[in-house]
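Structure first, commentary second.
Just so it is clear, the structure is predicted and the values come from calculations on it, not from any experiment.
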Amino acid sequence: FQAEDGIRDLVRSRGLGDVYKRQVVYYIPTWVYGDSLDEEIDTHVSFGNILYLANVLDSDTSLDYTLTYLRNVFSVDYDNYIFVKNGGIARFEEQLIPNSFHTEAGSDQFIYHDKEYFQDRLGYYSSILNIFDSKSIYETSFYLDSNMSYGEITRLFRRISSVSSLNFVNLGDEIFTFDLVDSSGEIRKTLSTRELDRSIRANKHLFQNKEIEREKAKVEVYNGCGLKGVASQYSRYYSNNGMNVIRFGNSPENVEKTVIYVRNPNKYSVTLENVKKAFTDEPEIRQDRPYFMTTGDIVVIVGEDIIEDD
């Protein structure tokens with residue numbers, strides 16, 4: 001995650017200075033399990049198989065499906081992504097991890113030996129730059145999917161060389177997993193989102209939007225659609241993205257359309273824009289308070305329109 005005073009765009013950034021030199025990396029081992037990719041498929045999925053299963057569900061949108069799944073796991077916004085296609089891992093291994101070994105699942109997966117080994121390889125920046133130099137850019141393009149241009153990717157990895165402090169978080173560590181017995185009786189190491197959220201919020205100073213921090217808006221979230229857990233889900237998203245959620249729960253009654261109440265939209269403009277980003281359709285904005293008792297600066301009532309979006 002990267003940020004500097006809320007500037008997260010590679011092209012417009014003025015340079016990340018000391019903030020950029022402190023980074024956090026989250027590593028998810030392929031054998032850790034997460035939630036199901038689809039409500040109709042009642043099974044947990046290992047992170048090493050996400051893209052494969054997404055491709056089975058819908059081959060045309062498998063990458064979008066995978067990125068959305070990972071975004072939901074972390075409940076944090078991302079600006080850019082670089083996805084290495086099948087067949088491309090071997091090229092990256094040659095440059096970055098010459099001593100790595102493959103899992104039995106196949107050559108498109110690999111395991112880092114341990115935290116120190118991973119950090120040592122991540123510090124091998126000259127090899128990263130070799131991957132993205134002008135001579136190999138055409139060849140590399142066959143292995144990458146990204147929403148960034150190759151010039152932006154090159155500049156990104158050149159900036160990485162200025163990182164001086166790396167906080168490595170291995171989500172395979174015992175604190176981040178719990179044992180879950182699946183329908184076949186097998187024990188699966190499953191990701192604990194509670195511990196993940198604690199880690200993300202502990203590191204939020206490295207990537208949160210500084211304007212949100214300065215506005216100090218108090219946010220409340222209420223479930224007005226009737227689906228179980230909706231208020232908790234949106235509260236998690238807002239909290240992980242640096243907002244101060246002071247209360248969440250059920251609305252006294254359901255509402256057809258999502259409504260955001262904010263008495264002073266100019267004072268909390270950046271927070272309001274980031275609150276709205278959680279919804280596919282534009283929510284209704286009211287400069288007022290709900291009819292029931294609230295104290296937040298921004299109050300979100302999630303309506304039944306999100307069910308139609310899903």
Determine whether a donor-acceptor pair (N or O, by modelled atom type, separation under 3.5 Å) exists between the side chain of [X] and the backbone of [Y].
X	Y	answer
Asn147	Tyr81	yes
Asn264	Lys267	yes
Asn241	Ser75	yes
Asp173	Val169	no
Glu152	Ser149	yes
Ser235	Ala231	yes
Asn223	Gly249	no
Thr294	Gly296	no
Glu284	Ile260	no

From [atom1] ([X]) to [atom2] ([Y]), nearest 0.5 Å:
X	Y	atom1	atom2	answer
Ser239	Asp197	OG	CG	8.0 Å
Thr66	Ile50	OG1	CD1	7.0 Å
Ser199	Asn203	OG	CG	5.0 Å
Asn266	Gln287	CG	CD	7.5 Å
Trp31	Lys189	CH2	NZ	7.5 Å
Asn244	Thr271	CG	OG1	10.0 Å

If I compare all heavy atoms of [X] with all of [Y], which pair ends up nearest, and what's the gap?
X	Y	result
Ser46	Thr30	CB-O, 3.5 Å
Lys204	Arg201	CG-O, 3.2 Å
Ile298	Ala217	CD1-CB, 4.3 Å
Phe47	Pro29	CB-O, 4.1 Å
Asp288	Tyr261	O-CB, 3.3 Å
Phe279	Ile306	CD2-CG2, 4.1 Å

Strictly below 4.0 Å, N to O, side chains only: are [X] and [Y] in salt-bridge contact?
X	Y	answer
Glu220	Lys218	no
Lys277	Asp77	yes
Arg188	Asp179	no

Problem - From CA spacing to verdict: side chain to side chain contact (heavy atoms under 4.5 Å, CB included), Phe74, Leu171 - result: CA-CA 11 Å; Phe74 283 90; Leu171 297 181; 4.0 Å; yes
Cluster overlap [X] with [Y], hydrophobic side-chain contacts below 4.5 Å:
X	Y	result
Tyr238	Ile246	no
Val45	Tyr26	yes
Val230	Ile301	no
Val262	Met243	yes
Leu191	Ile175	yes

Exercise for the section: Apply salt bridge (charged side-chain N to carboxylate O under 4.0 Å, His left out) to the pair Lys276 and Glu282, showing each step before the final yes or no. Expected result: CA-CA 7 Å; Lys276 290 163 56 179; Glu282 185 77 10; 3.0 Å; yes
Practice task
For Glu256, look at atom CD and say whether over 12 heavy atoms of other residues, nucleotides or ligands are found less than 6.0 Å away.
Solution key: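 Count not over threshold, so no.
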Practice task
Could you tell me whether Lys257 atom NZ has more than 12 heavy atoms of other residues or ligands within 6.0 Å of it?
Solution key: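 Correct, the count exceeds 12.
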Got [X] and [Y] here, is their nearest side-chain heavy-atom distance under 4.5 Å?
X	Y	result
Arg71	Thr68	yes
Glu253	Tyr291	yes
Asn170	Ile28	no
Arg286	Val259	yes

Problem - Parallel, tilted or perpendicular: rings of Tyr222 and Phe292 (30°, 60°) - result: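 Plane angle over 60°, so perpendicular.
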Exercise for the section: Carefully, step by step, assess Asp297 and Arg263 under the rule salt bridge (charged side-chain N to carboxylate O under 4.0 Å, His left out). Expected result: CA-CA 7 Å; Asp297 302 306; Arg263 293 289 296 272; over 6 Å; no
Practice task
List the steps and the verdict of side chain to side chain contact (heavy atoms under 4.5 Å, CB included) for Val73 and Thr193.
Solution key: CA-CA 7 Å; Val73 166; Thr193 54; 5.6 Å; no
Practice task
Starting from the C-alpha separation in whole Å, work towards a yes-or-no answer on side chain to side chain contact (heavy atoms under 4.5 Å, CB included) for Tyr234 and Val302.
Solution key: CA-CA 9 Å; Tyr234 281 87; Val302 182; 4.0 Å; yes
